[in-house]
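Hydrogens, waters and symmetry mates play no part in the numbers below; they use all other heavy atoms, side chains included.
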Amino acid sequence: MRGRTLSAGVALAVFAGMTVTLATQPATASPSTATVTRPIAAAAAALAAPDISVSNVQAHLTQFNAIATSNGGNRRAGSAGYTASLSYVKTRLQSAGYTVSEQYCSSCRYPSNNLIAEWPGGPADQVVMFGAHLDGVSAGPGINDNATGSATLLENALVLAAQNPTMTKRVRFAWWTDEEQGLNGSRFYVNSLSATQRGYLKGYYNFDMVGSVNGGYFINRVSSTTAAPLKAYWDSLGLQPEENVEGQGRSDDYYFQQAGIPTSGYAAGASARKTSAQAAKWGGTANSAYDPCYHRSCDTTANVSATVLNRAADGVAYALWQLAVSGGTPTCTGGQVVGNGGFENGSSPWTASSGVITNASGQPARTGSYKAWLNGYGSTRTESLYQSVTLPAGCATYTLSFWLHIDTAETTGSTAYDRLAVQVGSTTLATYSNLNAATGYVQRSLNVAGFAGQTVTLRFTGTEDSSLQTTFVIDDVTLQAG
């Protein structure tokens, strides 16, 4: 992300300066071009957004870091490191079947090429565009800023090619040069578009610094219609995203917006400091920079949060599928997907720590005789309860609901000594503690729409410290899709 705000103003000229390389679209993608981490049946491939492997995204980051190391320590526009970065992305895209073009930015401070890749499906006059700047600053390898955005889009592009779904819109990806010198590459591209070509663009989505180690969850123009699919995915994870105030006018969405093209995008933050309120809801360190290595030599692969990066990558896939893939919102075949949610039929399909599923009289079930009773020993202990669930695609709502009774001997009103974590897959949806103790059962409901079309593990994990018991009793678990 560049460091200062731009003045307004964009002129629209004819499309020019493009060197085009065409690649034949394969019937199926080879394992070397894309790796999808979970199997998706062919009949369902177009119905739900795929899970993007954060490990694959991180592998691209490792390549960018190695490129910088081999080329003077950076990937600045116009440098050997930038040229090698562009070659890496271009080669992967061509192998996957994209129509790939380079556009020479003659007016850039460091004249060099934008890289444009289009998937050959969907109507050419209905284009959704996803972009990230590929260049970094001269001070370091530029991994969070902005290899994270570049790698996120590259892996999404490869997975789209591997899935090869029926498209309702044309999808175009872009990797911009010379962003750090004033958004010059993206400005050159927008200025090259004719009025007709500009009208084809139904939305531009920008991804700049999406793995900040102390990051937040920011969306450009968060309340806009364009932002809706990006926000819907992060809302489903309970992240409560905020407007990207820090990034306004400082990244490649700027000139698209000035040209009247609807824009949005994700960001995790740069040099601005995380507030106490943000740290409370997102974790991390209050009053510290979102990215402590912003524009510094320490912006390496160690300067990336895998969790933040993973949520951005999956959010891109969700938005892409909603916006441009046929069947992105299929007919719902919903219903209850949790088995034995009242624990009355033995333990199956649950897997639980010894004694957790019980009819012991010390804590009553909400209904029936059995419940899941985690912890309550007054000594250091961790207990778990989990089962695999498959969420159907295409439903309007996905609600995880359960009744929870918390009984505690802790006397504090401010410290969470004992905790119950609720997870779907690797995502922690909610955490309850001794501070939530109450008489009787309380119903808890969580939105799990972000996992539509996936088979994931629903898990409850209770942890107790060395003294003063806290009991977590769970009953009547449901996960309703409808």
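- With hydrogens and angles ignored, the 3.5 Å screen pairs no side-chain donor or acceptor of N146 with any backbone N or O of L134.
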For this session: Apply the test side-chain hydrogen bond (donor to acceptor under 3.5 Å, both in side chains) to residues Q103 and S192: give CA-CA distance (whole Å), side-chain angles for both, the deciding distance (0.1 Å), then the verdict.
Result: CA-CA 10 Å; Q103 180 189 44; S192 75; 3.1 Å; yes

For this session: Show your reasoning for whether side-chain contact (heavy atoms from CB on, under 4.5 Å) applies to T461 and Q423.
Result: CA-CA 8 Å; T461 304; Q423 293 177 289; 4.2 Å; yes

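- For the atom pair CD (E243) and OG (S224), the distance works out to 8.0 Å, reported to the nearest 0.5 Å.
- With Y189 as reference, W176 is the one residue of Y104, W176, Y204 to meet the ring pair (Phe, Tyr, Trp, His ring centres under 6.0 Å) rule.
- With R198 contributing its side chain and A259 its backbone, the two residues share a donor-acceptor pair below 3.5 Å.
- Side chain of K169 to main chain of V325: no donor-acceptor pair is present (N/O by atom type, distance under 3.5 Å, no hydrogens or angles).
- A donor-acceptor contact shorter than 3.5 Å is absent between the side chain of Q126 and the backbone of K202.
- Counting only N and O atoms by type, the side chains of D178 and H133 include no donor and acceptor under 3.5 Å apart.
- A ring-centre distance under 6.0 Å is not found for Y110 and Y82.
- Side-chain contact of S433 with R419: a donor-acceptor pair under 3.5 Å is absent, judged by distance alone.
- Ring centroid separation for the pair F460 and F402 comes in under the 6.0 Å cut-off.
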Exercise. Given the rule in the side-chain hydrogen bond (donor to acceptor under 3.5 Å, both in side chains) test, do D252 and S186 qualify, once you have shown the distances and angles that lead to the verdict?
Worked result: CA-CA 6 Å; D252 292 298; S186 54; 2.5 Å; yes

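- Looking at heavy atoms from C-beta onward, Y290 lies out of side-chain contact with M209 at the 4.5 angstrom threshold.
- Within the 4.5 Å cutoff, the side chain of V127 has no heavy atoms near those of the V171 side chain.
- In this structure, OG in S53 is found 6.5 Å from CD in E155, a value given to the nearest 0.5 Å.
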For this session: Apply side-chain contact (heavy atoms from CB on, under 4.5 Å) to M167 and L160, showing your working.
Result: CA-CA 10 Å; M167 308 300 294; L160 176 65; 4.1 Å; yes

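- For the 3.5 Å distance criterion, the side chains of Q387 and T351 fail to qualify, holding no donor opposite an acceptor.
- T152 places a side-chain N or O within donor-acceptor distance of the main-chain N or O of T148, the cut-off being under 3.5 Å.
- Checked by atom type and distance alone, the side chain of T91 never pairs as donor or acceptor with a backbone atom of Y88 at under 3.5 Å.
- With salt bridges taken as basic N to acidic carboxylate O contacts below 4.0 Å, none links R76 and E180.
- Residues F188 and Y255 form no side-chain contact, since every pair of their non-hydrogen atoms from C-beta on lies 4.5 Å or further apart.
- Residues V137 and N74 come closest through the heavy atom pair O-CB, 3.5 Å.
- With S101 as the partner, the side-chain contact (heavy atoms from CB on, under 4.5 Å) test is satisfied by one option alone out of I116, N113, N114: I116.
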Problem set entry | ring pair (Phe, Tyr, Trp, His ring centres under 6.0 Å) between W119 and F173, intermediate numbers included | CA-CA 8 Å; W119 184 243; F173 295 94; 9.4 Å; no

Exercise. Could you go step by step and tell me if F218 and W282 meet the ring pair (Phe, Tyr, Trp, His ring centres under 6.0 Å) rule?
Worked result: CA-CA 11 Å; F218 301 106; W282 294 329; 5.4 Å; yes

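- For N220 and S264, the side-chain atoms include no donor-acceptor pair closer than 3.5 Å.
- Side-chain contact check for Y205 versus Y266: every heavy-atom pair is 4.5 Å or farther apart.
- Nearest heavy-atom pair, R296 versus P292, reported as atom, atom and distance to 0.1 Å: NH1-O, 2.8 Å.
- At distances below 3.5 Å, not a single donor-acceptor pair connects side-chain atoms of Q257 with backbone N or O atoms of Y254.
- Pairing each heavy atom of C293 with each of D299, the nearest pair is O-CB, 3.6 Å.
- No side-chain heavy atom of N447 sits less than 4.5 Å from a side-chain heavy atom of L237.
- D208 and S251 are linked by a side-chain donor-acceptor pair at a separation below 3.5 angstrom, with hydrogens and angles left out of the test.
- Of the residues V304, L153, L309, the one that meets the side-chain contact (heavy atoms from CB on, under 4.5 Å) test with V210 is L309.
- No side-chain N or O of N65 forms a donor-acceptor pair with one of T300 less than 3.5 Å apart.
- Scanning all heavy atoms of the two residues, the minimum distance from C105 to G185 falls at SG-CA, 4.2 Å.
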For this session: Carefully, step by step, assess V89 and L115 under the rule side-chain contact (heavy atoms from CB on, under 4.5 Å).
Result: CA-CA 9 Å; V89 176; L115 183 67; 3.6 Å; yes

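- Side-chain contact between L458 and V477 is present, with heavy atoms from C-beta onward closer than 4.5 Å.
- Here the CZ atom belonging to R170 is positioned 13.0 Å from the CE atom belonging to M129, to the nearest 0.5 angstrom.
- At a threshold of 4.5 Å between non-hydrogen side-chain atoms, the residues W175 and L154 count as touching.
- Going from atom CZ of R92 over to atom CG of L158 covers 5.5 Å, rounded to the nearest 0.5 Å.
- Ionic pairing of K231 and E242 is not present here: no N-O contact between side-chain nitrogen and carboxylate oxygen is shorter than 4.0 angstrom.
- At least one donor-acceptor pair closer than 3.5 Å links the side chain of S212 to the backbone N or O of G269.
- Between the D253 side chain and the N206 main chain, no donor and acceptor come within less than 3.5 Å of each other.
- For the residue pair N303 and N144, no side-chain donor N or O sits within less than 3.5 Å of a side-chain acceptor on the partner.
- Pairing each heavy atom of G247 with each of N244, the nearest pair is N-OD1, 3.1 Å.
- Here the side chains of V456 and V389 are in contact, with some heavy-atom distance below 4.5 Å.
- Interatomic distance, C108 SG to Q181 CD, rounded to the nearest 0.5 Å: 9.0 Å.
- Remark: I143 CD1 to C298 SG distance equals 12.0 Å, nearest 0.5 Å.
- Minimum heavy-atom separation, A270 to M1: CB-CE, 3.3 Å.
- The backbone N or O of P392 sits less than 3.5 Å from a side-chain atom of Y398, completing a donor-acceptor pair.
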Exercise. Please walk me through it: do L86 and E102 pass side-chain contact (heavy atoms from CB on, under 4.5 Å)?
Worked result: CA-CA 9 Å; L86 186 145; E102 294 185 44; 3.6 Å; yes

